[in-house]
Amino acid sequence: MATEKIAIKTEFIKLDSLLKFANILPTGGEAKVAIQQGAVKVNGEVCTQRGKKLRPGDKVEIEEFVLEVTQE
């Protein structure tokens, strides 16, 4: 799995927003469902909090995608 770096300008980005911003899931509703079903890992652990604050250095895994949050 290749890691895609996602640069943010702010201090943090919420998990559901990251999935939309990175074009992994097209809508917030789909992001919410995927997160609630336990399909998303943050730093190697399943995360069911859609409002989880992600900061630079955090890694998110969903299906075959790996996203790493970086600072712009």
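Counting from 1, the numbers follow the sequence of the chain as shown.
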Does anything in residues 60-72 pair up under salt bridge (charged side-chain N to carboxylate O under 4.0 Å, His left out), and if so which pairs, sequence neighbours excluded? Lys5-Glu68, Lys9-Glu72
Once side chain to side chain donor-acceptor pair (under 3.5 Å) is applied, what residue pairs with a partner in residues 27-48 remain, sequence neighbours excluded? Asn43-Asp58
For Val33, the other hydrophobic cluster members (4.5 Å side-chain criterion, sorted by chain and number) are none
Starting from Ile8 and following side-chain heavy-atom contacts under 4.5 Å between hydrophobic residues (I, L, V, M, F, W, Y), which residues can be reached? Ile6, Ile13, Leu15, Leu18, Leu19, Phe21, Ile24, Leu25, Ile35, Val40, Val42, Leu54, Val60, Ile62, Phe65, Leu67, Val69
Which pairs count as salt bridge (charged side-chain N to carboxylate O under 4.0 Å, His left out) when at least one residue sits in residues 11-24, sequence neighbours excluded? Glu11-Arg55
